[in-house]
Amino acid sequence: MPPLNITEDKISTFFLIGIPGMEHMYIWISIPICLIYIIAALGNSTILIIIKTESSLHEPMYYFLSMLAFSDLCMSFSSLPTMLRIFLFNSPRISIDACIAQEFFIHTFTAMESSVLVIMSFDRFIAIRSPLRYSSILTNVRVMQIGLGFAIRCLLFIIPFPITLKRLRYCKENLLSYSYCLHQDIMRLACSDNRVNIIYGFFIAILSMLDFSVIVMFYVLILKTVLGIASHQERLKALNTCVSHICAVLIFYMPIISLSIVHRFAKHGSPLIRILIANIFLLVPPLMNPIVYCVKTRQIREKVLGKLRVKKT
C-alpha cells in the first residue's frame with residue numbers, strides 16, 4: 001500500500017482502496033465482480049433490445065424502463081475500469097483527472113437513475129389514478145420531453161462537481177476510501193479551501209432525498225387511490241403493477257440510506273462495512289433491476305422467453 005503522506009507540494013495521482021486486509025484474495029474476489037458486470041450488461045442490454053424491437057412494448061411504462069436500463073448500464077460502465085483494475089490487476093493508482101472524470105459519470109448516472117425512478121412512480125400513479133386518460137396524458141412526445149428534461153437537469157446539477165474539484169489543490173494525503181471515485185471522497189483530500197464543494201455537495205444530497213420523498217408521496221397517493229377501489233381483486237391487481245418499481249426503489253435507495261447511517265452513527269467502526277455497502281450501491285442495482293423486471297413483468301418475461309425459444313429452435 002502506498003504511503004499516505006507525500007513529500008511533494010502537489011500530487012498528481014490518487015490511490016483507490018479495495019477491501020483492506022483481503023489483498024491476497026483479490027483474484028478470487030474479481031471472479032464474482034466480473035460475473036456481476038457481465039450479467040448486468042447482458043440483462044440491461046436485453047431489456048433495451050426487447051423494448052426497441054417489440055412494437056407491443058412501445059408504451060410509456062416500457063420507455064421509462066428502457067431509461068432505467070440505460071442508466072444502469074452506464075452506472076456499471078462508469079465504475080468498471082477502477083473496480084477491475086483493483087481486484088483483477090491489483091492496480092489502485094489513478095490520475096486526478098481520470099478520477100474526477102469517473103466521479104462525474106458516476107454521479108451523473110446515479111442522479112439519472114434517481115430521476116427515472118421518480119418518473120416511473122409518476123407513471124404508476126397516473127396509470128392507477130386515471131387509467132382511461134393514461135395514454136392521453138403520457139403521449140410519446142411527452143415521454144420524450146420528460147426524459148430529456150430530467151437528463152438535462154442531471155447534467156446541469158452534476159457539471160459543477162468536476163469544475164469545483166479541478167480548481168482545488170491536492171497534497172499530502174492521496175488515499176481514497178472506495179474502489180471508485182466520488183465527489184465527497186475527493187474533496188476531503190484537498191489542501192485548499194473546499195467549502196464550496198461541501199455546500200454544493202450537501203445541496204445535491206438534499207435533491208437526492210427530495211427525489212425519494214417525491215416517490216414516497218406518489219405511493220401514498222397510489223395507496224389512497226387503491227384503498228378507494230371496491231373490489232379486493234382489483235386492489236391486488238393495481239398494486240401488483242407497482243411491485244417491480246417498488247423493488248427497484250428499495251434496491252437503489254437502501255444502500256444510500258444505509259451508507260448515510262453508517263457515516264452518521266458508526267464513524268469509528270470498521271471501514272469494511274462502509275466499503276462493502278458502497279460497492280453494493282454500484283454493483284447490485286444494475287444487476288438486480290433487469291432480473292426483477294423480467295420476473296415480475298409478464299410482458300417482458302414472455303418476450304425474453306420467446307426470444308430464447310426462437311434461438312433454441
Side-chain angles (χ1 to χ4, degrees), residues 16 18-19 22 25-52 61-62 64-88 102-103 105-120 178-182 208 211-212 215 242-259 262 272-301 303-305 307-308:
L16 297 159
I19 302 178
M22 300 188 69
M25 295 284 291
Y26 278 2
I27 190 64
W28 297 107
I29 295 173
S30 69
I31 296 173
I33 289 176
C34 288
L35 287 174
I36 288 173
Y37 276 117
I38 292 169
I39 295 170
L42 288 175
N44 287 293
S45 298
T46 300
I47 286 180
L48 287 171
I49 293 169
I50 291 290
I51 293 174
K52 179 178 174 59
M61 173 184 173
Y62 301 107
F64 295 139
L65 177 56
S66 66
M67 294 178 194
L68 183 68
F70 177 76
S71 301
D72 281 333
L73 206 56
C74 292
M75 275 180 62
S76 292
F77 289 144
S78 298
S79 61
L80 177 67
T82 53
M83 293 281 278
L84 291 189
R85 280 180 60 190
I86 291 171
F87 293 107
L88 197 57
Q102 185 186 50
E103 67 83 29
F105 287 114
I106 287 176
H107 284 293
T108 297
F109 291 113
T110 299
M112 196 172 292
E113 176 136 353
S114 180
S115 298
V116 172
L117 291 173
V118 172
I119 299 170
M120 294 176 81
Y178 306 112
S179 305
Y180 49 85
C181 300
L182 292 176
S208 178
D211 282 354
F212 181 69
I215 293 171
C242 301
V243 171
S244 300
H245 180 255
I246 291 171
C247 291
V249 170
L250 292 176
I251 290 168
F252 180 76
Y253 281 104
M254 284 306 294
I256 296 176
I257 295 171
S258 301
L259 196 59
V262 169
L272 185 60
I273 296 175
R274 186 178 69 248
I275 291 167
L276 289 176
I277 295 174
N279 288 339
I280 287 171
F281 166 61
L282 281 190
L283 290 174
V284 173
L287 170 70
M288 292 304 299
N289 285 338
I291 296 172
V292 168
Y293 274 95
C294 285
V295 171
K296 297 300 297 181
T297 306
R298 180 179 57 82
Q299 292 86 342
I300 296 289
R301 183 174 65 251
K303 297 299 180 184
V304 171
L305 292 176
K307 294 285 185 182
L308 291 175

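FYI, side chains are in, hydrogens and waters are out, and symmetry mates aren't considered; it's all heavy atoms of this structure. When a residue number appears, it is its place in the shown sequence, counting from 1.
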Please tabulate, for the side chains in residues 279-286, all donor-acceptor contacts under 3.5 angstrom to protein atoms that are two or more places apart in sequence or on a different chain.
{"residue": "Asn279", "atom": "ND2", "partner": "Ile275", "partner atom": "O", "Å": "3.4"}

Q.
Within this structure, what is the OG-CD1 distance for the pair Ser114 and Ile215, rounded to the nearest 0.5 Å?
A. 6.0 Å
(Q) I need the Cys34 SG to Leu84 CG distance, nearest 0.5 Å. (A) 5.0 Å
Q.
Within the structure provided, determine whether Asp72 and Ile47 are in side-chain contact (heavy-atom separation under 4.5 Å).
A. no
Q | Qualifying residues under side chain to side chain contact (heavy atoms under 4.5 Å, CB included), relative to Leu88, sequence neighbours excluded | A | Ile27, Ser30
Q) Do His107 and Leu182 have side chains that get closer than 4.5 Å, going by heavy atoms? A) yes
(Q) Any non-hydrogen side-chain atom of Tyr293 less than 4.5 Å from a side-chain atom of His245? (A) yes
Q) Between atom CZ of Phe252 and atom CG of Asn289, what is the distance when rounded to the nearest 0.5 Å? A) 9.5 Å
Q) For Met288 and Ile251, which heavy atoms make the closest approach, and how far apart are they? A) CB-CD1, 3.6 Å
**Q.** CG on Leu65 to CG on Leu48, rounded to 0.5 Å
**A.** 8.5 Å
Q) Excluding sequence neighbours, so at least two apart, what forms side chain to side chain donor-acceptor pair (under 3.5 Å) with Ser78? A) none
Q. Yes or no on side-chain contact (heavy atoms from CB on, under 4.5 Å) for Ser179 and Leu16, after CA distance, side-chain angles and deciding distance?
A. CA-CA 5 Å; Ser179 305; Leu16 297 159; 5.6 Å; no
Q) Any side-chain heavy-atom pair from Ile300 and Ile51 closer than 4.5 angstrom? A) yes
**Q.** Closest approach of Ala248 to Leu68 (non-hydrogen atoms, all atoms of both residues)
**A.** CB-CD2, 4.5 Å
Q: Please say whether more than 12 non-hydrogen atoms of neighbouring residues, nucleotides or ligands are located less than 6.0 Å from CD1 in Ile273.
A: no
Q: Quick one: closest heavy-atom pair of Asn44 and Ala69, and the distance?
A: OD1-CA, 3.4 Å
Q. Who passes side chain to side chain contact (heavy atoms under 4.5 Å, CB included) against Cys242, sequence neighbours left out?
A. Arg124, Ile128, Tyr219, Ile222, Ile246
Q.
For a side-chain contact (heavy atoms from CB on, under 4.5 Å) check, start with the C-alpha distance between Ile106 and Gln102, then their side-chain angles and the critical distance, and finish with the verdict.
A. CA-CA 6 Å; Ile106 287 176; Gln102 185 186 50; 3.7 Å; yes
(Q) If I compare all heavy atoms of Gly18 with all of Ile86, which pair ends up nearest, and what's the gap? (A) CA-CG2, 3.8 Å
Q) Passes side-chain contact (heavy atoms from CB on, under 4.5 Å), Ile50 versus Tyr62? Steps please. A) CA-CA 10 Å; Ile50 291 290; Tyr62 301 107; over 6 Å; no
Q.
The criterion is side chain to side chain contact (heavy atoms under 4.5 Å, CB included); which residues satisfy it with Ile119, sequence neighbours excluded?
A. Phe64, Ile146, Phe150
Q | Within 6.0 Å of OH in Tyr37, more than 12 heavy atoms from elsewhere | A | yes
Q: Could you list the residues that satisfy ring-ring contact (aromatic ring centres under 6.0 Å, His included) with Phe77, not counting sequence neighbours?
A: none
Q: Test Phe105 against Cys74 for side-chain contact (heavy atoms from CB on, under 4.5 Å), laying out the working first.
A: CA-CA 8 Å; Phe105 287 114; Cys74 292; over 6 Å; no
Q | Partner residues of Ser71 under the side chain to side chain contact (heavy atoms under 4.5 Å, CB included) criterion, sequence neighbours left out | A | Met112, Glu113, Val116
Q.
Nearest 0.5 angstrom please: Leu272 CG to Ile277 CD1, how far?
A. 10.0 Å
Q: Over all heavy atoms of both residues, which pair between Cys247 and Val292 is shortest? Give the atoms and the distance, please.
A: CB-CG1, 3.8 Å
Q. Looking only at heavy atoms, what is the nearest atom pair of Ile29 and Met22, with distance?
A. CD1-CE, 4.2 Å
**Q.** Contacts of type ring-ring contact (aromatic ring centres under 6.0 Å, His included), residue Phe212, not counting sequence neighbours
**A.** Tyr253
Q | Inter-residue atom distance Ile19.CD1 - Tyr26.OH, 0.5 Å rounding | A | 6.5 Å
